[in-house]
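Read through the structure below, which is laid out as structure tokens, and then see the notes.
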Amino acid sequence: MSNLTPMMQQYVDIKEQYKDCILFFRLGDFYEMFFDDAETASRELEITLTGRDCGLEERAPMCGVPFHSVEPYISKLVNKGYKVAICEQVEDPALAKGIVKREVIRVVTPGTVTEASMLDEKKNNYILSIYRLGMQYGVAAADITTGDFEATQLIIGNTESQLSNLISKYSPSEMICNPDFSKTSVKSNIESLFSISVQTRPDSDFSPDNASRLKPDRSANISGSNERGLSLSASGALLRYIDETQRFSVRHLSKIRLFSISDSMEIDIPTRT
């Protein structure tokens, strides 16, 4: 797209880094969306689809929302399962030489919402991470609005049933997993059972080192390096994902409660319901 105007080229370059998101691109008093994002947002938000000269033969599809009342629009998209990347002007337009510098300052996803107006105050908003190694699973859950962060391991046995029961405890709005878990039928079953998409993340994310700043609290009762490793692998990926999307300090996510399934009362889904 070498014929694009400088501003549209900037948009395309940033969008390339956030292909799985709807990019809210700040232009003055509005967040604008272009091309496929504009068509999707126009349909989902029921707002007018227009066009903008972009340097190509045809005008780029475009729609926009006011920046001062953006939360309801973001909330509507997130509730439909979309991820929204917020791209702001990061320098004063009056001082800019050429195109104003812009960058994504945050990605809003179903499990990383922090705005009170977009949350149900009566329940937690959990995001889960699942790490599969053979027939064992490490599971971590966090609510970034409260700082709750805990993890456990499921060992060989009726694992899928145990996993479903554990997930129902948290009723997550978003989940991530490693490629090994993504290849199993369990993933599709979980997606169907909980009406939630499970996003696959690279193996490199699932490293206990990524959870190094999380300190197990004094109630931690998981013993054994392998058990801790699986739990911390899931925790590491979750912390990395939160860091990537939030782009601001989440210091309150400093402690992790490691617990053992065998020391907890398991409640199946019908009973919990």
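Residues take their numbers from the sequence shown, with the count starting at 1.
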- Task: Could you go through the side-chain hydrogen bond (donor to acceptor under 3.5 Å, both in side chains) check for Glu150 and Tyr126 one step at a time?
- Result: CA-CA 11 Å; Glu150 56 187 33; Tyr126 281 108; 5.5 Å; no

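- Salt bridge status for Glu191 with Lys187: present, with a side-chain N to carboxylate O gap under 4.0 Å.
- Within the 3.5 Å criterion, the main-chain N or O of Asn189 finds no donor-acceptor partner in the side chain of Ser192.
- Partners of Tyr73 under the ring-ring contact (aromatic ring centres under 6.0 Å, His included) rule, at least two apart in sequence or in another chain, do not exist in this structure.
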- Message: Quick one, Thr114 with Arg106, criterion side-chain hydrogen bond (donor to acceptor under 3.5 Å, both in side chains). Give me CA distance, side-chain angles, the key distance, then yes/no.
- Response: CA-CA 11 Å; Thr114 56; Arg106 183 184 170 205; 3.1 Å; yes

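- Here the CG-CG distance, from Asn165 to Leu154, works out to 10.0 Å after rounding to the nearest 0.5 Å.
- Using a 30° and 60° split on the angle between ring planes, Tyr11 and Phe35 fall in the tilted class, from 30° to 60°.
- Relative to the ring axis of Phe34, Arg52 does not place its NZ or CZ within 45° and under 6.0 Å from the centre.
- Of the candidates Leu238, Ile130, Val139, Ile130 is the only one forming a side chain to side chain contact (heavy atoms under 4.5 Å, CB included) with Met175.
- Scanning both residues, Gln10 and Phe25, for their nearest heavy atoms gives OE1-CZ, 3.4 Å.
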- Item | Residue pair Glu174, Thr112: steps toward the side-chain hydrogen bond (donor to acceptor under 3.5 Å, both in side chains) verdict | CA-CA 8 Å; Glu174 186 174 5; Thr112 60; 4.9 Å; no

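- The closest donor-acceptor contact from the side chain of Ser173 to the backbone of Pro110 lies under 3.5 Å.
- Inter-residue side-chain proximity for Leu239 and Asn210 is flagged as unmet; no heavy-atom pair is nearer than 4.5 Å.
- Here the side chain of Lys15 pairs a donor or acceptor atom with the backbone of Cys21 at under 3.5 angstrom.
- Taking a 6.0 Å sphere around CG of Asp36, one finds it holds 12 or fewer heavy atoms contributed by other residues, nucleotides or ligands.
- Remark: side-chain polar atoms of Thr40 are not paired, donor with acceptor, to backbone N or O of Asp37 under 3.5 angstrom.
- Geometrically, Lys83 does not engage Tyr241 in a cation-pi contact defined by less than 6.0 Å to the ring centre and at most 45° from the axis.
- A donor-acceptor contact shorter than 3.5 Å is absent between the side chain of Ser207 and the backbone of Ser204.
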